[in-house]
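Take a look at the structure set out below.
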Amino acid sequence: MSVRVRFAPSPTGFLHIGGLRTALYNYLFARHHGGACILRIEDTDQTRFVEGAEENIIDISRWAGMEFDESPEKGGPHGPYRQSERTKLYRQYADELLANDMAYRAFDTSEELEAMRERQKNAGIAAKYDRTVMRSEYTLGPDETKRLLDQGADCCIRLKVPVSGEIRFNDIVRGEVIVNARDVDDQILLKSDGFPTYHLANVVDDHLMEISHVIRGEEWLPSTPKHVLLYQAFGWDMPTFAHLPLLLNEDRSKMSKRFGDVFAKSFREKGFFADALVNFVALLGWNPTSDREIFSMQELIDLFTLEKVNKAGAIFDTKKLEWMNAQYLRNANPESLLPQLQVILHEHDIEISDERAKDILTLLRERITFLNEIPGFGAYMFSDDYVIDEEYKAKHWTAESSAIISSLLPLMKGLEEFNHIAINDTIGAFTKENGITSKLFIHPLRMIITGKPVGAGLYETMEMLGKEVCIRRIERFLSEEGTR
RNA sequence: GGUCCCAUCGACUAAUGGUUAGGUCACCACCCUUUCAAGGUGGCAGUACGGGUUCGAAUCCCGUUGGGAUCACCA
């Protein structure tokens, strides 16, 4: 049987980082086995629909390097891939269940249900729909049921869960899971608005779309028995389940907005590379080995197996993600980063050649984590109008600094080749001869030329800036300093 | 609270009965060095607890504790 998996988000908001990981594991598994990865939009809740959510899911997936084989926008042999466009189907299957006495109608209002739960709570028993007491077709009887139906009363369809026995299923990451049927609620399958709930739609679609493996978050584990029951009620083969460990906040609760930005797009906006984010997130809950951290998408695909997925949830550590991003920044081919860098520079009204952008990138990338730090971190690379760090200046600009820097100026002016080796040799020889220690002139020079205490090698930086710019900045500073 | 799931350094994890319990992030120190980084070297730090099974347990079993998920006409 061929591998067919699906990522089935509901368009209720921007794609969550946990969703991205679920999508990724599905994608890796499919590609590893040469199977298909399908995107199915589960938009059966009319009230929670969010405009643009579906676009965001597709956009982010593509950014992350995942291309679905079948999807709402692309189509495919099992479409439509949006559940709201498949409602007739679910109605049909619900009717089939009704006909086989595997499901039944219920007419309770939300107030009645609320009251039921209240009673159960007070009695200290588990909240669970009781079809022998509530307004189900069993208590109402066929005549009253028909009367209500004819009258057009609101009615939902519930799964008739066996009163006893065990429900078992196998999960690749969890092993065998066993639940008592008596603990399973008579799940609503079809809402009174005619839309299916997740459970019905999901099972029907997974069957119809010939899904072989259901790979989803652990939050679905408690409702899987209901899905098992549904497969049995329809007489369908079950897919293989794999429930992924949750992504956690630092307090070990399920990762949520409360602890910061959890939308995948926020990570893109912050400047994380898609490759780095994918790499990082892939390693949260799965690990192919222990002596490596950096993997390309293709390597992840080659190595991925569900058997190696962990059971325990994983805390999302942004620090490590940042480290990984910095790794990607340093190890990338500079050429490949130029398009992104130019976009960033352009946003800051900086227009320079690719050649120069590449040189600057190569010089600065070792000290930053994000590409988008370049305009700020390297402000002095693009303009004479940069801020001088007052603390740095206060610390290193001493009484004799002016004289020292002034004495270096003619040496620089005299350089034919203004490269870091020549600058180093010339200044080095002079200062050594005159007994000037390096910190007496290095810091003042750096302060004048870059404004800040951090940065690439000073002489390399000066070379990059060029003779003219360096001399201009020094003279400007000296004259401003002299007039104080 | 019911049900289910889970448990190795602070974090991510490796070790699928035999290792001085390994790696990475973070942190600390040192080296390198014109700053800051990067890089290098070293360090800190863990099998939740208690019982079994076994010659031998992080690993298998039971219990305890702790954490989490879930209990909607949401997904």
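Note: hydrogens, waters and symmetry copies are ignored here, and every other heavy atom, side chains too, is used. Letters A, B, ... mirror the listed sequences (proteins, then strands); counts begin at 1.
- For B:A21 and B:C25, the P atoms lie 22 Å apart once the distance is rounded to whole Å.
- With ring centers used as reference points, A:F316 lies under 6.0 Å from A:F280.
- The residue A:L284 sits close only to the backbone: its heavy atoms come under 4.0 Å of sugar-phosphate atoms, none of a base.
- Closest to the side chain of A:A127, out of B:A72, B:C25, B:A37, is B:A72.
- Within the 4.0 angstrom heavy-atom criterion, no nucleotide atom of any strand lies near A:A8.
- At the heavy-atom level, A:I315 lies under 4.0 Å from the strands shown only through sugar-phosphate atoms.
- Distance, A:N310 CG to B:A58 C1': 14 Å, rounded to whole Å.
- A gap of 14 Å separates the C1' atoms of B:A26 and B:G43, to the nearest Å.
- Here salt bridge (Lys or Arg N to Asp or Glu O under 4.0 Å) pairs that include residues 37-55 of chain A, with residues two or more places apart or in two chains, are A:R40-A:E42, A:R40-A:D205, A:R40-A:D206, A:D45-A:R48, A:E54-A:R82.
- Nucleic acid contact for A:D108: base, since at least one base atom lies under 4.0 Å from a heavy atom of the residue.
- For the C1' atoms, the distance from B:G40 to B:U47 is 31 Å, rounded to whole Å.
- Side chain A:R48 to base B:C74: a donor-acceptor pair is found below 3.5 Å.
- Within the 4.0 angstrom heavy-atom criterion, no nucleotide atom of any strand lies near A:F316.
- Applying the 3.5 Å distance criterion, the base of B:C73 shares no donor-acceptor pair with the side chain of A:T197.
- The distance between the ring centers of A:H16 and A:F263 does not fall below 6.0 angstrom.
- Spacing of C1' atoms, B:C12 relative to B:C27, comes out at 16 Å, to the nearest Å.
- Between the CZ atom of A:R292 and the P atom of B:C25 there is a distance of 15 Å, rounded to whole Å.
- Between the side chain of A:K320 and the base of B:U24, a donor-acceptor pair under 3.5 Å is found.
- Atom name P, nucleotides B:G22 and B:A14: the rounded distance is 15 Å, in whole Å.
- Using a 4.0 Å heavy-atom criterion, one finds that A:I178 contacts the sugar-phosphate atoms exclusively.
- Looking at which nucleotide of RNA chain B each of A:T12 and A:R367 is closest to, the 5′-most match is held by A:R367.
- Between B:G50 and B:G42, the distance separating the two P atoms is 34 Å to the nearest Å.
- Distance A:D183 CG to B:G2 P: 11 Å, rounded to the nearest Å.
- For A:F259 and B:G68, the CZ to C1' distance is 13 Å, given to the nearest whole Å.
- Taking atom P on both B:G10 and B:A48, the two are 11 Å apart, rounded to the nearest angstrom.
- No side-chain donor-acceptor contact under 3.5 Å links A:N180 to the backbone of A:D183.
- Using a 4.0 Å heavy-atom distance criterion, A:R365 is classed as making no nucleic acid contact.
- When the nucleotides B:A11, B:A26, B:U13 are ranked by their closest atom to the side chain of A:R252, B:A11 comes out on top.
- Note: CG (A:L189) to P (B:C74) measures 12 Å, nearest angstrom.
- The side chain of A:D45 lies closest to B:C74, out of B:A11, B:G23, B:C74.
- The interatomic distance linking A:I442 (CD1) with B:U33 (P) rounds to 14 Å, in whole Å.
- Side-chain atoms of A:T224 and A:H243 form a donor-acceptor pair, as typed in the model, at a separation below 3.5 Å.
- Between A:Y198 and A:H227, the gap from one ring centroid to the other is short of 6.0 Å.
- Here the P atom of nucleotide B:G68 and the CH2 atom of A:W220 are 21 Å apart, to the nearest Å.
- Contact annotation for A:T224: no contact, since no heavy-atom pair falls under 4.0 Å across all strands.
- Nucleic acid contact for A:G285: sugar-phosphate only, since backbone atoms but no base atoms lie under 4.0 Å from a heavy atom of the residue.
- Between B:C6 and B:U41, the two C1' atoms lie 38 Å apart (nearest whole Å).
- A donor atom on one side chain and an acceptor atom on the other are not found under 3.5 Å apart for A:H207 and A:Y231.
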